[in-house]
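What follows is one structure encoded as structure tokens, with my remarks underneath.
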Protein chains: 2
Amino acid sequence: MAKKKDITGDLSTEEKIKEAARQVFTKKGYAATRTRDIAEEAGINLALLNYYFRSKEKLFEIVIMEKMQLLLGKIGPVLTDEKTTIEEKVEDISEHYISTLIANPDIPLFVLGEIRNNPEKFANLIMTKTKIVNSAFFKQLAARRPDIDPLHFIFNMLGLIIFPFIGKPLIQLITGIPSERAVVLMNERKKLIKTWFQAMLDAK
Amino acid sequence: MAKKKDITGDLSTEEKIKEAARQVFTKKGYAATRTRDIAEEAGINLALLNYYFRSKEKLFEIVIMEKMQLLLGKIGPVLTDEKTTIEEKVEDISEHYISTLIANPDIPLFVLGEIRNNPEKFANLIMTKTKIVNSAFFKQLAARRPDIDPLHFIFNMLGLIIFPFIGKPLIQLITGIPSERAVVLMNERKKLIKTWFQAMLDAK
DNA sequence: AAATATTTTAATCATTTGATTAAAAATTGC
DNA sequence: GCAATTTTTAATCAAATGATTAAAATATTT
């Protein structure tokens, strides 16, 4: 066997390809990505991509599942936790996701775009992973505000957290704010969202 | 001249192609769309697409500009209006956009995705169209809450309005709510967002 | 060091896809 | 009704793209 491991900090060929695929796929989406882009980004011969991963589709599968896990992995357990309050859940999710998204700002648009292009494909995966409607969070919201559909507050929370990352290219074009300031703003939101969410819950 | 107009309710060939292009482009994005898809959707010969519009790119240009206008056209004038209050602006934008997006739910993901893929292309267009940072809305927000960056409230407003439409495929997969109920929810938000926004503004 | 197994490369294939062309069909002006 | 113009069609092109192959290079085992 001549298996090369990632020696001396350098990545193995396989890992170089995967990392390049993460970059290119998340930035441009599946359809706009050419396998040659990935090969170039990874600095490897195009044929190696198929040697290690069989096909563009298979490589994509790996990347999208990773990113989906990153976007959806945390939410289920938190929302179904019977022991925490609404406020604790919101703060937990807010802090966790903003940190994750600062490190991976392209994920939401990427994942949501691919779901749009292929809803059937992800249906099973997502449904098993997260059952919001029967969660503790849902019941807590319904008890606190029986007059408003709990889904509204789910939308609100996710909108406050995720939208800035989706809308960033637009807002950055409109306002011209530098990306360092954008990061500062996002960090501020970690705490602010909790307060805002409470205010919305109590609004009459 | 043998110019065919859309007689007896039927569309002209040119308009049939444009309408098909709207459908396919907004649903799948530029890269994932094949000119053959559009031709098939329009029920016309593929060559007619190039006969009327020269190229896929040119046809796309028309569609994306239309949709961008729909997404961004209203916001500038409202935000720069010196005569209206914060609350009136929020209500106006909220009602207008939710109505528009119920009729065109694919627009946000489409437009934001294409901006992501080609930020330079839209830079000029967007900057001239909307200068939020010097708007009356911005100043009003800064006066009302000097302790919080007004951009946060821009994000909040747009997030509350737009996110449900972007996240709908995801939420629909997660919750399994039927799309009629989704429309009901979106209509409810028209009024609710105004209240929520006020609550966030006053939150301490 | 020789034999074997693995990895990498350059060349090439087959399909897809945006676009063109030349001829046919339909429409219009006279 | 006939000539001119416009629209539509079928066939085809050229470039792009995902994938394969056979040979070369490299690493591993004995």
Side-chain angles (χ1 to χ4, degrees), chain A residues 1-64 113-114 117-118 121, chain B residues 1-65 110 113-114 117-118 121:
Chain A
M1 276 174 278
K3 175 138 266 171
K4 239 202 258 168
K5 298 278 169 53
D6 38 339
I7 328 156
T8 69
D10 241 29
L11 298 170
S12 69
T13 301
E14 192 172 341
E15 196 49 49
K16 271 194 290 187
I17 296 172
K18 220 193 280 184
E19 182 54 30
R22 288 189 193 100
Q23 297 250 314
V24 182
F25 276 137
T26 53
K27 187 165 159 238
K28 322 213 304 177
Y30 179 82
T33 295
R34 288 159 304 180
T35 53
R36 283 165 174 79
D37 298 336
I38 298 175
E40 191 183 5
E41 175 76 26
I44 54 99
N45 186 292
L46 170 61
L48 286 177
L49 189 152
N50 294 286
Y51 177 73
Y52 282 105
F53 296 96
R54 295 284 300 167
S55 71
K56 177 188 179 185
E57 175 77 22
K58 289 245 174 48
L59 179 53
F60 173 75
E61 208 88 347
I62 293 171
V63 172
I64 186 76
E114 300 300 334
N117 290 347
N118 232 323
K121 184 172 183 172
Chain B
M1 273 175 283
K3 176 139 266 175
K4 240 201 259 169
K5 297 280 168 51
D6 38 339
I7 327 153
T8 67
D10 240 29
L11 298 170
S12 69
T13 300
E14 193 172 340
E15 196 48 50
K16 271 194 289 186
I17 296 170
K18 219 193 281 184
E19 184 53 30
R22 287 188 194 101
Q23 296 250 316
V24 183
F25 275 137
T26 54
K27 185 161 160 243
K28 321 212 307 177
Y30 179 81
T33 295
R34 286 158 306 191
T35 52
R36 282 166 175 81
D37 298 336
I38 297 174
E40 191 185 4
E41 176 75 28
I44 53 100
N45 186 293
L46 170 62
L48 287 177
L49 189 151
N50 294 287
Y51 176 75
Y52 282 105
F53 297 97
R54 294 286 300 166
S55 70
K56 176 188 177 184
E57 175 76 25
K58 291 246 172 49
L59 179 55
F60 173 74
E61 209 88 346
I62 294 170
V63 173
I64 185 77
M65 287 307 166
F110 170 60
E114 300 301 334
N117 291 348
N118 232 325
K121 183 171 186 175

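Within every chain, numbering begins at 1; the chains are lettered A, B, ... in the order of the sequence lines, protein sequences first and strands thereafter.
Contacts between residues 26-49 of chain A and DNA chain D, defined by a heavy-atom separation under 4.0 Å, are made by Thr33(A), Arg34(A), Thr35(A), Arg36(A), Leu46(A), Ala47(A).
Cation-pi check for Lys16(A) over Tyr52(A) is not met; the charged atom does not lie both under 6.0 angstrom from the ring centroid and within 45 degrees of its normal. A cation-pi geometry, defined here as NZ or CZ lying under 6.0 Å from the six-membered ring centre and within 45° of its normal, does not hold between Lys18(B) and Phe53(B).
Put simply, OG1 on Thr35(A) and CD on Glu40(A) are 11.5 Å apart, with the number rounded to the nearest 0.5 Å.
Just one of Thr33(A), Asn50(A), Ile38(A), Ile64(A) meets the side chain to side chain contact (heavy atoms under 4.5 Å, CB included) condition when paired with Leu59(A); it is Ile38(A).
In this structure, the CG atom of Asn50(B) is 16 Å from the P atom of dA22(C), given to the nearest Å. Atom CD in Glu14(B) sits about 14 Å away from atom P in dT6(D), given to the nearest Å. Going from atom CD of Glu57(B) over to atom C1' of dA19(C) covers 14 Å, rounded to whole Å. Going from atom CD1 of Ile17(A) over to atom P of dT9(C) covers 10 Å, rounded to whole Å. Distance OH (Tyr52(B)) to P (dA19(C)): 18 Å, rounded to an integer number of Å. Here dA10(D) presents its P atom at 17 Å from OH of Tyr51(B), a figure rounded to the nearest Å.
Across all non-hydrogen atoms, the minimal contact from Asn117(A) to Lys27(B) is OD1-O, 3.7 Å. Nearest approach of Asp37(A) to Ala32(A), heavy atoms of both residues: OD2-O, 4.1 Å. Closest of all the heavy-atom pairs between Glu15(B) and Leu11(B) is CG-CD2, 4.0 Å. The nearest pair of heavy atoms linking Leu49(A) to Lys56(A) is CD2-N, 4.4 Å.
Paired runs in DNA chain D that reach 3 or more consecutive Watson-Crick or G-U pairs, where each pair keeps both distances under 3.5 Å, cover C:1-30 with D:1-30.
At the heavy-atom level, Phe53(B) lies nowhere under 4.0 Å from the strands shown.
Classification of the Phe25(A)-Tyr30(A) ring pair by plane angle, with boundaries at 30° and 60°, yields parallel.
Phosphate proximity of dT7(D) to Thr13(B): absent, as no side-chain N or O sits under 4.0 Å from OP1 or OP2.
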